[in-house]
Amino acid sequence: MQFKSHMQAALAEAEAAARRGEVPVGAVIVAPDGRVIARAGNRTRELNDPTAHAEILAIRAACAALGSERLAGHDLYVTLEPCPMCAAALANARIARLYYGAGDPKSGGVAQGPRIFAHPQCHHVPEVYDGIAAEPAEKLLKEFFAARR
């Protein structure tokens, strides 16, 4: 099967989140057959829920659609390196591959900070691919925060 990036769909979710006044992070989950089965953008402010990160919302939607707590064989595309909470959720959901855009030196949990997937307590480690459409993801975040200063 030929690789097809779904980062543009994740970027569209991030842009929608920015328009709602949320930190512009978007995520999509792709089934083994290549279909996008869930998509989400951050909604922490809208839902008054600190766990309503794009990745968490996409995982919840995908699990509900499949009727399963596991997403074995599924890929997650997200515009920003997952935080520690989201990285742990990805491991618990058994996501097969993680593709992310911008690195997050302040709050990341994959390549930065606590590096969740490197812990012995982490029972599942997805394949990780970083830097996918990093420039537009970084630009969106920088513009969002610059407008608030």
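Index from 1, following the sequence.
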Check which hydrophobic residues are tied to L140 through side-chain heavy-atom contacts below 4.5 Å, counting indirect links as well, and list them. none
With ring pair (Phe, Tyr, Trp, His ring centres under 6.0 Å) as the rule and sequence neighbours excluded, what pairs involving residues 7-26 come up? none
Apply side chain to side chain contact (heavy atoms under 4.5 Å, CB included) to R35 and list each qualifying residue two or more places apart in sequence or on a separate chain. A31, D33, I37
Taking ring pair (Phe, Tyr, Trp, His ring centres under 6.0 Å) as the test, write out the residues that go with H6, two or more places apart. Y77
Could you list the donor-acceptor pairs under 3.5 angstrom formed between side-chain atoms of residues 106-120 and any protein atom two or more places apart in sequence or on another chain?
residue, atom, partner, partner atom, Å
R115, NE, A111, O, 3.0
R115, NH2, A111, O, 2.9
H119, NE2, P114, O, 3.0

Pairwise ring pair (Phe, Tyr, Trp, His ring centres under 6.0 Å) hits with a residue in residues 120-142, at least two apart: Y99-Y129
I need the minimum non-hydrogen distance between A62 and A38, along with the two atoms involved. N-CB, 3.7 Å
Residues in side-chain hydrogen bond (donor to acceptor under 3.5 Å, both in side chains) contact with D75, at least two apart in sequence or another chain: R97
Apply side-chain hydrogen bond (donor to acceptor under 3.5 Å, both in side chains) to D49 and list each qualifying residue two or more places apart in sequence or on a separate chain. T51
Sequence neighbours excluded, which residues qualify as side-chain hydrogen bond (donor to acceptor under 3.5 Å, both in side chains) partners of R94? none
Side-chain donor-acceptor pairs of residues 20-29 under 3.5 Å, sequence neighbours excluded:
residue, atom, partner, partner atom, Å
R20, NH2, N42, O, 2.9
E22, OE1, T44, N, 3.1
E22, OE1, T44, OG1, 3.3
E22, OE1, R45, N, 3.1
E22, OE2, R45, N, 3.1
E22, OE2, E46, N, 2.7

Salt bridge (Lys or Arg N to Asp or Glu O under 4.0 Å) partners for K139, two or more places apart: E143
Please list, one pair per line, the donor and acceptor atoms closer than 3.5 Å that link side chains of residues 12-19 to other protein atoms, with sequence neighbours excluded.
none

